[in-house]
Amino acid sequence: MLETVAKHACFGGVQGIYAHDSASTGTRMEFSVFVPRHNQQRACAVVYYLSGLTCTWENATVKAGFQRVAAALGLIVVAPDTSPRGEGVPDDDAYDLGQGAGFYLDATQAPWNQHFRMESYIAQELPALIDENFPNTSKRGIMGHSMGGHGALTLAMRHPDLFQTVSALSPIVAPAAVPWGRKAFAAYLGPDESTWRGHDACALIADLGWHGDIFIDVGADDGFLDEQLQPQRFKQACAAVGVDLTLRLQPGYDHSYYFVASMMDDHLAWHADRLI
């Protein structure tokens with residue numbers, strides 16, 4: 001059963017916060033949904049926004065400024081949490097593992113495998129909740145920032161019948177090759193690196209391809225650009241299989257939500273052009 005935590009009038013629509021007991025994670029999960037006033041007259045397409053390390057649904061909902069353009073375009077925007085949370089849920093002292101750092105996959109290794117089932121949550125349970133409670137066209141896009149960009153790219157390719165469009169902001173495109181991803185994959189998936197390939201965007205685009213085009217923005221002054229993000233790897237992987245990628249390196253921008261807010265209008269308009 002869906003619990004309404006809060007509702008706020010916003011740009012003629014409603015910004016809601018909701019909670020439920022998740023069968024996927026075995027925990028209480030919260031997420032935000034913005035519904036434009038268009039929804040009162042007709043069903044809307046849905047864009048899922050996945051946040052990055054240390055974040056919750058609140059980061060994008062409060063800082064990204066997506067409500068104004070979503071209202072104008074007639075898009076529902078859903079922002080889930082980044083991991084299960086609560087008493088009894090495993091955690092780590094570091095910011096890049098455990099609660100807040102679910103990496104949008106289903107963990108196979110103890111102690112993480114009991115609750116850290118974020119792929120099942122995002123790709124199965126949450127869309128079913130949205131379809132049941134918010135009238136929509138069943139056309140879905142997905143986007144995300146940093147770890148959430150990784151999640152958007154990998155979940156779109158792993159579930160192409162669910163998501164029709166995908167874009168990303170500062171995504172981790174080669175997690176099997178960079179420190180953030182290698183740490184998380186070793187913990188959640190185990191030491192056999194052959195199992196990591198199915199959650200690495202560069203590997204997935206080579207193995208599965210993508211049925212449409214992809215849009216990525218990265219800040220040229222992002223302090224994580226060279227070590228953790230490496231967007232050129234994904235550009236090369238897309239070129240090798242003929243997937244149309246627009247990769248914009250934005251001068252002066254970093255990894256922060258100032259960057260996310262600056263690019264959000266372009267990304268939602270891009271999704272709307274393909275979903276509506």
Taking the inter-plane angle between the rings of His267 and Phe215 on a 0 to 90° scale, is it parallel (under 30°), tilted (30 to 60°) or perpendicular (over 60°)?
-> parallel

Plane angle bin for His255 and Phe224 - parallel if under 30°, tilted between 30 and 60°, otherwise perpendicular | perpendicular

Have [X] and [Y] got a donor and an acceptor in their side chains that come within less than 3.5 Å?
X      : Y      : result
Asp106 : Ser120 : yes
His115 : Thr27  : no
His145 : Ser51  : no
Glu125 : Ser22  : yes

May I ask you to check whether [X] and [Y] place their ring centers less than 6.0 Å from one another?
X      : Y      : answer
Tyr49  : Phe66  : no
His20  : Tyr121 : yes
His199 : Tyr104 : no
His150 : Phe103 : yes
Trp112 : Tyr188 : yes
Phe34  : Phe134 : no

Of the options Ile130, Ile142, Asn136, Ile122, which is the one that meets Val78 in a side chain to side chain contact (heavy atoms under 4.5 Å, CB included)?
-> Ile130

Given Gln230, which of Glu227, Arg233, Gln228 fulfils the side-chain hydrogen bond (donor to acceptor under 3.5 Å, both in side chains) condition?
-> Arg233

What about Leu97 and Val178, same hydrophobic cluster or not, with Ile/Leu/Val/Met/Phe/Trp/Tyr joined at side-chain heavy-atom distances under 4.5 Å?
-> yes

Within a reach of under 6.0 Å around CD of Gln114, are more than 12 heavy atoms found that belong to other residues, nucleotides or ligands?
-> no

